[in-house]
Amino acid sequence: MTGASARGPRAGPGDRSMTAEISEYDTARIEAKWQAAWDQADLFRATRSAAPKYYVLEMFPYPSGRIHIGHVRNYTMGDVIARYKMSSGFNVLHPMGWDAFGMPAENAAMASGGHPKDWTYQNIDVMRGQMKPLGLSIDWSREFATCDPEYYGQQQALFLDMLDAGLVYRKNATVNWDPVDMTVLANEQVENGRGWRSGAEVERRELTQWFFKISDMAEDLLDGLTSLKDWPEKVRLMQENWIGKSRGLQMIFPMTTPVHGQDGIEVYTTRPDTLRGASFIAIAPEHPLAKALAEDNADLAAFAADVRKGGTTEEALEKAEKRGFDTGLTVDNPLGGTLPVWIANFVLMDYGTGAIFGCPAHDQRDLDFARKYDLPVIDTFVAVQDGHPVTTEAFTPPKTEAVRWLDHPTGLDITTGQAAIAATIDWAEAKGLGTGKTQYRLRDWGLSRQRYWGCPIPVVHCDACGVVPEKKENLPVVLPDDVTFDVPGNPLDRHLSWRDTPCPNCGKPARRETDTMDTFVDSSWYYARFTAPRAKTPTDLDDAAYWMNVDQYIGGVEHAILHLLYSRFFARAMGKTGHLPQGTEEPFKALFTQGMVTHAIFQTRDDKGRPVYHLPEDVDLDSKTVRATGETIEIIPSAKMSKSKRNVVDPQDIISSYGADTARWFVLSDSPPERDVEWTASGAEATFKHLRRVHRLATDIARADRAANAADTDLARATARAIHEVTEGIEGFAFNKSVAKLYEFTNTLHKSDAGAQARRDAMKILAQLMAPMTPHLAEEIWSMMGGEGFVLNTPWPKADPGLLVEDAILLPIQINGKKKSELSVSKDMPNAEVEALVLGDTIVQRALNGGQPKKLIIVPGRIVNVVI
RNA sequence: GCGGGCGUGAUGGAAUGGUAGACAUACCAGACUUAAAAUCUGUUGGGCGUAUGCCCGUGUGGGUUCGACUCCCACCGCCCGCACCA
């Protein structure tokens, strides 16, 4: 009997309606049915009990308006983990919320009227409505948006406690200022030195702003990275570089003639070993000395103002030429002689001391500067072999490479930069010239935004008392609703009845702070809030102690630095202010960064050669033409989805044509989760067909009636292997491999000649294994097979170890490392017997041609290699 | 410039020192059909050969090893992150 003939009766035209009723894979009906059943059973509510917990979290979305297929991939991955852990006996916390403050809401209000609040909450409703049909195992009872006063009020409480603990302060800082929109712009909002909305030339302006003291924790944040074993190496490295620890020397060059009360310039350098090569001092245009000099030097003031224009973007800085202004002042060089003091556009005020010594021979920037302004170039070391003086390229070998030192103050001859630096710091400290100092590139986190749609900073400015924290009982400081966006600038500044308020300290008239918080603040502690989203304090320590930390965090790699670093800072800050228990300093135990969903772009060109984009449904892929016009299309594969390129796939369309399970299965299949996955119409279609095949197979198996037979054991073995391999794939975040194994197992089951009961048992296991990926279909099959309760509540299957080991194995035989033959042997056959069988193999004998092998390597149970 | 990653059939990918190409897509062929679709079955890395078979093949060149997609060195190409950080 063949597998094919054993399948149930095929539906002929006559009995079509009957068959349709029983066996049709009706996704709309099946998915709605099971989602309702889960809701009814309140299956996803996270509850505390004696059982172990598992907290799985996907980065919450910004409510931009519609969900994207990329969101589907992100949440499906989390859902696979969540459902797998639920079936494995864990209390699972799998919440969802909205990162709801931010500029797009205000921009929408400016562009088309309306209110940011309405825009945001409407978007949330739409997106929640799009997410629910996906059948995610989310505890919706914990949902919140960061723009809920209930949430941001607690954030204000947190802010006040951090202020109290000295973790927040105010200082002047240079920012990108858009003079038309009258607001501070983030670096990424500056394009070619112009504001991205207004097109106005951006200025660098100094404003008093609020800062979190993240730099205080630089060392701890760096240290903590080593414990994050389940984070991608890449992300840890990016954070390490961002923190940017360096060791150097801080020293003062005395002014030859003190001016404006300054008798020295303090300099920081990581290359004190090149001190002898110093040929000038360069200070930042914002350096106090430069500012003092500018007061009575119009040319200098003009230079500083000119340099300040053009923003602080990377591109602007990269293109900027090295420019300097000679102050005419000099400092004394401790090694003898004097050095001229210049103001230079490439020296940053907020790193180190805002002043450097220039060593043109061993720094390309300094060399460019020296050549331009005709300053000396002094070699301090040369290559050990054929060393030659620096001409047009600075000599900057790795610090680990040994070089020959010329007339070094510490008397060094041949040694590495590393060793020379250490020696010079010791030497300088002994001579009292300076002190060794550790610097971090990480700067304090400026959180002030001159914006309406953000969390108000809960302080009041009083003429008498200064900056006064709002009283906790007055929280939340709620955003006023009656604002307009028809005038540039921050509406809070213009809203007098909101802005003017009595001082919480003395009661006299005072003004509220009108800056709001950076939206990164909102997302820096939401994971903690999810453990007790309705608590009257930022967190509930008992709940936090049970649920924290996040066991698996999943999101885009674009948040590798800022969001994840800020969250790590906040977890520490919340610990210090008593809002999180011990052991939560690293809030995300494991991190997974998933790839994007991409889609081909179909384009033609207009008569001017500009690209014209076409929707996938408008092109014919066989002939590679546009259906309507017959023009030949260019296909750009694997491009990031973008509305303007017309290659966006709307999850809702997919769900309505194929169902949620198809969308979920597709985004998990083929590509490894960390890599991009290409959405193709044929792939989606094929996925649907496969699920329909599984459904039909289940229908057939439910009806079939065949006696137990010898094939039952084979099927049991295949089942055990499937359990083992699918589980391994899920545990190892290789969902594509689990999907492949499920295909394979389905094919095996389909072709199996096993008896009805054996096939039913295998089908039940298949339903269990598919459940994390395609939960609706899995529940449907589970119930068709007579399974009890929900498949989700059924303990995850365990592979019988006895069935995983094969008694007889096919042992490959290699000749000189190439597979030429194979041998069927029992798994634990002694090597001597294997050797005899190998040597008796006809192909081996032919190759040996009567001779003896040079060597015979037997790897028991794996392979044999005959070396001739 | 600095740091990191990747390179395997027509395509997405599998194999992390042991049978390269699992699984899927696409293509082709066959069955069913008046026909098409759907469904089912099968083939498909390249070359030589009637064939048992043989040779080549994981970006390129070299090395280590009985054995290399996998480890090491050099190069080429692509991608990502950071960057006047002294």
Side-chain angles (χ1 to χ4, degrees), chain A residues 2-4 7 10-11 232-235 237-238 240-242 244 246 248-249 267-272 274 282 314 316-322 344-348 350-359 362-366 368-369 396 439-443 557-558 560-561 621-622 637-638 666 669-672 674-678 680-687 689-690 692-693 696 725 734 736-747 750-751 810-822 843 846 853-859 861-868:
Chain A
T2 68
R7 262 173 275 116
R10 178 109 301 118
E233 180 66 38
K234 176 185 165 148
V235 173
L237 237 137
M238 281 161 74
E240 192 183 317
N241 292 340
W242 188 263
S246 69
L249 179 72
V267 157
Y268 174 75
T269 177
T270 57
R271 292 307 300 260
T274 63
E314 294 164 27
L317 291 171
E318 198 173 0
K319 280 178 204 149
E321 202 187 335
K322 304 282 168 285
N345 65 340
F346 63 90
V347 180
L348 305 175
D350 44 9
Y351 184 80
T353 60
I356 61 159
F357 71 74
C359 176
H362 306 294
D363 185 299
Q364 193 58 44
R365 287 163 311 179
D366 295 348
D368 294 346
F369 193 80
T396 54
Q439 277 282 348
Y440 300 90
R441 208 183 66 101
L442 181 67
R443 298 177 210 169
V557 72
E558 65 272 20
I561 296 176
L621 279 180
D622 291 333
S638 293
F666 183 91
S669 60
D670 287 357
S671 283
E674 66 275 16
R675 242 185 272 178
D676 292 349
V677 64
E678 165 89 358
T680 62
S682 59
E685 174 80 25
T687 299
K689 285 181 186 172
H690 172 73
R692 192 173 56 184
R693 206 150 45 223
R696 195 183 320 123
E725 287 171 352
N736 58 320
K737 290 187 215 169
S738 293
V739 166
K741 292 302 165 193
L742 286 167
Y743 270 112
E744 200 176 308
F745 182 47
T746 305
N747 292 342
H750 181 77
K751 288 176 185 166
L810 221 47
L811 195 64
I813 301 177
Q814 294 181 329
I815 294 173
N816 291 337
K818 287 189 179 174
K819 192 214 157 192
K820 293 290 171 181
S821 180
E822 56 193 7
I843 293 169
R846 182 151 35 113
K854 277 193 195 139
K855 214 171 180 182
L856 190 70
I857 288 133
I858 298 172
V859 184
R862 294 232 52 148
I863 207 162
V864 177
N865 192 9
V866 186
V867 186
I868 295 170

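Atom set for the values below is all heavy atoms of this structure, side chains included, hydrogens, waters and symmetry mates excluded. Note that the structure is predicted; figures quoted are calculated from it, not measured. Residue numbering restarts at 1 for every chain, and letters A, B, ... go by the order of the sequence lines.
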Which of these nucleotides, [options], is closest to any side-chain atom of [X]?
X	options	result
A/S671	B/G12, B/C85, B/U39	B/G12
A/T269	B/A86, B/A38, B/A20	B/A86
A/K819	B/A38, B/A20, B/C23	B/A20
A/K737	B/C40, B/A22, B/A14	B/A14
A/I356	B/C82, B/C40, B/A86	B/A86
A/P812	B/U19, B/A86, B/C23	B/U19
A/W242	B/A14, B/A83, B/G67	B/A83
A/A740	B/C23, B/C85, B/C82	B/C23

Quantified in whole Å, what is the [atom1] atom distance between nucleotide [N] and nucleotide [M]?
N	M	atom1	value
B/G59	B/C66	C1'	27 Å
B/C78	B/C73	P	23 Å
B/A38	B/C27	P	10 Å
B/A10	B/G1	P	35 Å
B/G21	B/U11	C1'	13 Å
B/G17	B/U50	P	43 Å
B/U25	B/C75	P	42 Å
B/A22	B/G30	P	24 Å

Looking at [X], I'd like to know whether one of its side-chain N or O atoms comes within less than 4.0 Å of OP1 or OP2 on [N].
X	N	value
A/N736	B/A14	yes
A/K820	B/U52	no
A/Y268	B/A86	no
A/K818	B/C55	no
A/R862	B/G67	no

NA contact type, [X], heavy-atom cut-off 4.0 Å: base, sugar-phosphate, or nothing?
X	result
A/Y743	sugar-phosphate
A/Q814	base
A/V267	nothing
A/R365	base
A/D366	nothing
A/V859	base
A/K854	nothing
A/K741	nothing
A/S669	nothing
A/N241	sugar-phosphate
A/N747	sugar-phosphate

Measuring from atom [atom1] of [X] to atom [atom2] of [Y], what distance do you get when rounded to the nearest 0.5 angstrom?
X	Y	atom1	atom2	answer
A/M238	A/E233	CE	CD	12.5 Å
A/I356	A/Y268	CD1	OH	13.5 Å
A/L348	A/R443	CG	CZ	6.0 Å

Rounded off to whole Å, could you give me the [atom1]-to-[atom2] distance for the [X] and [N] pair?
X	N	atom1	atom2	value
A/L237	B/C2	CG	C1'	12 Å
A/F346	B/A86	CZ	P	13 Å
A/I857	B/G17	CD1	P	18 Å
A/I843	B/C54	CD1	P	7 Å
A/F745	B/A24	CZ	P	15 Å
A/I863	B/G17	CD1	P	14 Å
A/K234	B/G3	NZ	P	16 Å
A/R675	B/A24	CZ	P	19 Å

Heavy-atom pair of closest approach, residues [X] and [Y]:
X	Y	value
A/S669	A/N736	C-CB, 4.2 Å
A/V867	A/N816	CA-OD1, 3.4 Å
A/L811	A/I863	CD1-N, 3.6 Å
A/K322	A/F346	CD-CD2, 3.4 Å

Assigned partner base of B/A74, Watson-Crick or wobble definition, under 3.5 Å: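 Result: B/U60.
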
Base-pairing mate for B/C85 - Watson-Crick or G-U, with both contacts under 3.5 Å: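 B/C85 is unpaired by these criteria.
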
5' precedence on RNA chain B between A/K855 and A/V739 (nearest-nucleotide basis):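 Here A/V739 is the residue nearer the 5' end.
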
Given RNA chain B, 5'-ward residue of the pair A/G683 and A/D676, judged by closest heavy atom: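 Nearer the 5' end of the strand: A/D676.
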
Between A/Y743 and A/S738: side-chain donor-acceptor atoms closer than 3.5 Å: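 No pair is found: no donor N or O on one side chain lies under 3.5 Å from an acceptor on the other.
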
Base B/C82 paired with A/R441 side chain (donor-acceptor, <3.5 Å):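 Check fails, no donor-acceptor contact within cut-off.
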
Heavy-atom donor-acceptor pair, A/K322 side-chain to B/C84 base, under 3.5 Å: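 Present.
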
Donor-acceptor under 3.5 Å (A/N865 side chain, A/G817 main chain):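 Between the backbone of A/G817 and the side chain of A/N865 there is a qualifying donor-acceptor contact (under 3.5 Å).
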
Test item: A/N241 side-chain N/O and A/G244 main-chain N/O as donor-acceptor pair under 3.5 Å: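 Such a contact is absent between A/N241 side chain and A/G244 backbone.
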
Syn or anti for B/G9 (syn when the glycosidic angle lies within 90° of 0):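 Syn conformation here, the glycosidic angle of B/G9 being no more than 90° from 0.
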
